[in-house]
There are 2 protein chains.
Amino acid sequence: MGVFSKTCEYAMRAVFFIAHRTTAGERVGIREIAAGIDSPEAFLAKIMQDLTRRGIVNSIKGPNGGFYMDAASLKKPLSEVVLAVDGDGIFVGCGMGLEYCSAVNPCPLHNEFMEIRTRIQKMMQENTIGDFNEELNLGILSLKK
Amino acid sequence: MGVFSKTCEYAMRAVFFIAHRTTAGERVGIREIAAGIDSPEAFLAKIMQDLTRRGIVNSIKGPNGGFYMDAASLKKPLSEVVLAVDGDGIFVGCGMGLEYCSAVNPCPLHNEFMEIRTRIQKMMQENTIGDFNEELNLGILSLKK
DNA sequence: ATAATAAAAGATATATTTGTCTTTTATTTA
DNA sequence: TAAATAAAAGACAAATATATCTTTTATTAT
């Protein structure tokens, strides 16, 4: 397994994909998103339902409907997606799963892990979803397998 | 979920526990390890079977038997435990699960993730299992919930 | 109004992770 | 040799993550 759950990987890719399209003013259907990020369509639909309920993306039903993001959503940090899907497990808590573990009562890995976690958190909080668009627009980055 | 699987968390704690006891020349039974690291005994037994098969720890059956570690095992980096249990998922691969992702063809998170992964890997490779013993001996660190 | 479209919701299926229980094998001690 | 001990091995059970399918609801266009 990687750092994030598969669900979270799909969610991040989907959000980037929609953000990219939204800057062009479009709405995107679930089929196109799934194809664009190489994910199972029905499973992604479930994930999108959740992201929509939580207000991370917006959606409209019916013809010409689909998913999109407003300006406010584009300014949200990527950490919101991770928190919504995986919870705060990667940001907080002990690397060895010890509940007591803290600066006062550290586990063997505590200090080293602190730095790494802080770093992940920083990266996820400082980068907004919209931040990646420019590079995607230039075709430097990709979302497909 | 945290950075590592629960299985891996138990494995790391168990290995530290055994290493700690081994420096005193003792062998430790599965019941005592499970109690010492707060893990389900039967499940830990399965994990220990695997670690033994892979040569990360040693074991002896029968009365006065149990688990222990030799000098060579104590010098192994912690990364061996992680690799044995969780594989190389946290060390390599793309944060968003993209197969193609590399320096040449990066995903949006590629560069930031590279640093974090390198850091985790470095920490796991540079610290040997035995390295934590001194602090455990001094009672500074703990393995219990 | 009706038909077509697309997401939302609900139910169900599969795979993986986590956890438990029973039997077998190796070792020691009496 | 027999009994006791402790890990190894195998089978099974529960929980969670991943994935699919069907029905319902909202919206648009005819």
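Numbers restart at 1 for each chain; the letters A, B, ... are given by sequence-line order, proteins then strands. Please read these numbers as outputs of a predicted model, since none were measured by experiment. Just the heavy atoms: all of them, side chains too, but no hydrogens, waters or symmetry mates, feed the values below.
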Summary of side chain to side chain donor-acceptor pair (under 3.5 Å) pairs that have at least one residue in residues 114-123 of chain B, sequence neighbours excluded: A/Glu115-B/Arg119, A/Arg119-B/Glu115
Residue closer to the 5' end of DNA chain D, A/Thr7 versus A/Pro63 (nearest nucleotide): A/Thr7
Interatomic distance where CD1 belongs to A/Ile60 and C1' belongs to D/dT27 [whole Å]: 9 Å
Interface limits on DNA chain C, where chain B has a heavy atom under 4.0 Å of a nucleotide atom: C/dT18 to C/dT29
Rounded distance (Å) that lies between atom C1' of D/dG10 and atom CZ of B/Arg53: 11 Å
Nearest-nucleotide 5' precedence on DNA chain C, A/Met48 against B/Arg27: A/Met48
First of A/Ser5 and B/Ser59 reached from the 5' end of DNA chain D, by closest nucleotide: B/Ser59
CA sep, side-chain torsions, deciding dist, call: B/Glu32, B/Arg21, salt bridge (charged side-chain N to carboxylate O under 4.0 Å, His left out): CA-CA 11 Å; B/Glu32 198 184 347; B/Arg21 285 301 184 78; 2.6 Å; yes
Minimal non-hydrogen separation, B/Ala84 against B/Asp50, with atom names: O-OD2, 4.2 Å
Sugar-phosphate only, base, or nothing, as touched by B/Arg31 at under 4.0 Å among non-hydrogen atoms: nothing
Check: A/Thr128 and A/Leu78 side chains under 4.5 Å, non-hydrogen atoms: no
Integer-rounded Å distance: D/dA19 C1' and A/Ile30 CD1: 13 Å
First encountered from the 5' end of DNA chain C, between B/Leu44 and A/Gly66: A/Gly66
D/dT18 phosphate, OP1 or OP2, under 4.0 Å from A/Tyr10 side-chain N/O: no
Nearest-angstrom distance from the residue atom CD1 of A/Ile47 to P of D/dT20: 11 Å
Sugar-phosphate, base or nothing in reach of B/Val28, heavy atoms under 4.0 Å: sugar-phosphate
Minimal non-hydrogen separation, A/Ala14 against A/Leu44, with atom names: CB-CD1, 3.9 Å
Spacing of A/Gln49 atom CD relative to D/dA19 atom P, expressed in whole Å: 16 Å
Pairwise ring pair (Phe, Tyr, Trp, His ring centres under 6.0 Å) hits with a residue in residues 30-58 of chain B, at least two apart: B/Tyr10-B/Phe43
Distance-only polar pair, side chains of A/Ser102 and A/Asn105, donor-acceptor under 3.5 Å: no
Under 3.5 Å donor-acceptor pair, A/Lys46 side-chain atoms to D/dA19 base atoms: no
Atom-pair distance (NZ on B/Lys6; C1' on D/dA15), nearest Å: 10 Å
